[in-house]
2 protein chains.
Amino acid sequence: MNIKDLDYFHQLTLQKNFSQVAEYFGVTQPTITLAIQRLEAEFATKLVQRDRVHNQLLITDTGRQLAVHATSILRELQITHQEIDRLTQQRTILGLPPIIENFYFPKVAARLQALGELENLQTIAGGSVHLRHALRDGQCDIALLGSIEPLSYQQLAVNEFDHRPFSIFVSRQHPLANRKRLYFSELRHERFILFNSSFVHNTAFNKLTRRNHFRPDVVYRANDTHIIMNLVAENVGITFLTTIVDQHRDDVVRLELMDDEQPQFITSIAYRTNHVLTAAQRQVLTVLRQTLGSA
Amino acid sequence: MNIKDLDYFHQLTLQKNFSQVAEYFGVTQPTITLAIQRLEAEFATKLVQRDRVHNQLLITDTGRQLAVHATSILRELQITHQEIDRLTQQRTILGLPPIIENFYFPKVAARLQALGELENLQTIAGGSVHLRHALRDGQCDIALLGSIEPLSYQQLAVNEFDHRPFSIFVSRQHPLANRKRLYFSELRHERFILFNSSFVHNTAFNKLTRRNHFRPDVVYRANDTHIIMNLVAENVGITFLTTIVDQHRDDVVRLELMDDEQPQFITSIAYRTNHVLTAAQRQVLTVLRQTLGSA
DNA sequence: ACCCTATTATAAATTATTTTTATGTGGACT
DNA sequence: AGTCCACATAAAAATAATTTATAATAGGGT
């Protein structure tokens with residue numbers, strides 16, 4: 001069986017018109033007719049049915065079943081091409097969430113450069129959900145993912161390499177600045193400045209407010225932790241961030257949370273279980289684990 | 001690209017010998033050579049390498065990457081064939097764990113017969129792990145699965161339809177027979193007769209003994225709940241089973257467990273997310289939900 | 001009722017692809 | 001040096017896919 005036939009059929013289920021599909025692929029119309037006939041013979045079933053009354057093409061039950069599988073075969077093949085291309089080019093594409101890229105990547109990059117691996121590395125940015133899809137679709141080889149729950153997906157091999165608590169950051173002028181530790185419930189009447197672009201931060205924060213039964217007063221949301229920290233320094237409000245964002249500023253104080261069963265910011269290295277790691281990629285993994293785990 | 005080439009290559013990665021693969025497929029040796037050359041051209045990479053010194057065939061990095069994807073494409077195609085065959089034959093294959101088959105299926109079968117659906121249904125038995133693989137590999141369309149944790153797999157659509165506690169069953173002559181409820185920790189010095197063939201029962205039982213810090217005295221393990229119940233009736237020991245196994249015998253007494261956070265026997269209906277349900281299969285699902293959920 | 005159009009099917013010819021047959025090559029083993 | 005093993009190559013043969021040309025079918029318009 002030829003993959004091309006599956007491709008023709010897949011398009012046919014989308015466009016529902018033999019002639020248009022033929023044009024789409026730059027072939028003549030009988031080519032499509034014959035391809036569908038081949039598939040119908042191979043699977044010994046009718047795949048499509050013409051409805052002349054409504055002038056449309058109906059896909060049969062078995063046709064829809066084939067379409068589902070055809071889609072996933074075609075996707076798998078596309079991933080295969082992408083992966084092998086990257087392997088032959090000796091390139092690795094690494095998916096990085098912005099937080100990790102901002103605060104850790106300089107260190108990682110320095111180590112990789114020392115090993116001569118930086119040239120072969122290309123990064124793409126994105127939130128955890130986006131990067132999970134990018135991994136799945138073969139758009140990147142390895143990704144770092146932030147999460148609150150341990151990640152569990154059959155198609156992904158996941159190594160958690162770091163668990164970090166979330167902390168509260170307040171201005172040095174803030175009444176709480178002389179505290180070292182506190183409970184989240186003490187923050188009931190505070191003004192919050194929050195990180196907008198992190199699904200993980202927001203989920204963790206919502207968990208804590210819900211558990212402590214209060215509606216937080218969120219005065220501002222920003223997409224950049226520097227902006228948040230500057231606002232906190234000016235005492236516009238306080239913030240809630242994972243400690244990997246700790247910048248050691250002397251105008252901002254970090255306060256630990258003492259609550260039981262706090263959410264944790266889990267960072268994991270993930271790659272497809274289907275993916276064969278090259279020597280270079282294994283080296284990238286080692287560097288990531290060393291740099292990120294020990295920091 | 002022809003699927004056949006992937007099949008040739010897949011076998012080559014297993015057998016590592018062109019001539020043997022040719023014989024395996026009943027073709028001549030150059031056929032395999034040329035197929036591999038086609039794939040190498042398509043993916044613009046070397047896939048295999050001859051090691052004349054050790055007289056063996058090495059698969060390159062990219063070759064192994066292709067092999068992984070080829071395997072999954074070939075499996076998907078096989079599933080497609082199996083599914084479409086069953087669709088055209090109007091058959092449904094239902095995977096049933098023995099416990100559920102023994103105690104619930106008569107009721108389900110009666111309802112299905114009334115609807116004229118029983119003839120088209122074929123069942124296969126097996127433990128939850130086995131049935132999950134059977135589902136994945138297209139050997140069955142729908143399966144009932146027992147578990148303690150909620151099931152979560154990307155390729156499976158899962159509906160939990162019943163949660164049931166585990167209970168203790170003792171003989172009417174047993175000192176505990178006049179109790180209605182008890183804590184698991186009270187069973188520290190009891191003799192147990194356990195169900196052998198259920199992964200789920202054993203996991204739940206182990207959870208409770210570990211939590212209560214004792215090593216149970218297991219005097220016998222059987223694969224059939226009737227045998228277990230007969231032994232319990234004779235007061236050879238007591239047992240631990242989910243309540244779906246309740247047989248309303250008057251020589252055996254069921255005792256509820258009062259422990260917090262008890263494990264639950266979760267029964268779920270599962271099918272591949274890739275699977276298109278036919279009208280008949282949807283009817284089977286409805287009957288299953290009604291019969292099993294309300295019991 | 002007739003023609004027109006849109007859409008798909010069919011047949012034969014053409015072109016492309018795959019497989020076979022026959023033979024070559026390189027190296028290990030004796 | 002000869003032989004065998006394992007794979008490669010070239011040309012011929014066999015298959016398979018595509019195109020060209022044309023047919024079929026049915027709905028819509030007049």
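So that the names make sense, note that chain A is the first sequence line, chain B the second, and so on, each numbered from 1.
Going from atom CZ of B:F9 over to atom P of D:dC7 covers 14 Å, rounded to whole Å. Distance CE (A:M1) to P (C:dT18): 14 Å, rounded to an integer number of Å. Protein atom CD1 of A:I32 is 12 Å distant from nucleotide atom C1' of D:dA17, rounded to whole Å. Spacing between atom CG of A:L12 and atom P of C:dT8 amounts to 8 Å, rounded to whole angstrom units. Computed from coordinates, the B:F18 CZ to C:dT25 C1' distance equals 15 Å when rounded to whole Å. One interatomic measurement links the two molecules: CG of B:N2 to P of C:dT17, which rounds to 12 Å at whole-angstrom precision. Summarising the geometry, the separation between NZ on A:K16 and C1' on C:dA6 is reported as 18 Å, rounded to the nearest angstrom. For the pair A:Q56 CD and C:dA6 P, the computed distance is 18 Å after rounding to whole Å.
Looking at heavy-atom distances under 4.0 Å, A:Y8 makes contact with sugar-phosphate atoms alone, never a base. Contacts of B:S19 with the nucleic acid, taken as non-hydrogen atoms under 4.0 Å apart, involve only primed sugar atoms and P, OP1 or OP2.
For A:T28, no side-chain nitrogen or oxygen approaches OP1 or OP2 of D:dT20 to under 4.0 Å.
Residues A:Q139 and A:H133 bring no donor and acceptor atom of their side chains to less than 3.5 Å of each other.
Across C:dT8, D:dA17, D:dA8, the shortest atom-to-atom separation from the side chain of B:T33 is found for D:dA8. Distance from the side chain of B:V27 is smallest for C:dT20 among the nucleotides D:dC7, D:dA17, C:dT20.
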Given protein heavy atoms under 4.0 Å, the one-letter contact record of nucleotides 11-16 of chain C, with B base, S sugar-phosphate only and - none, is simply ------

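One can find a donor-acceptor pair under 3.5 Å joining the base of C:dA9 and the side-chain atoms of A:Q29.
Put simply, the residue from B:R136, B:Q155, B:E76 that forms a side-chain hydrogen bond (donor to acceptor under 3.5 Å, both in side chains) with B:N274 is B:E76.
Of all the residues in residues 39-50 of chain A, A:R50 reach under 4.0 Å from DNA chain C with at least one non-hydrogen atom.
Counting only distance, with no hydrogens or angles, the side chain of A:E117 and the backbone of A:L112 share no donor-acceptor pair below 3.5 Å.
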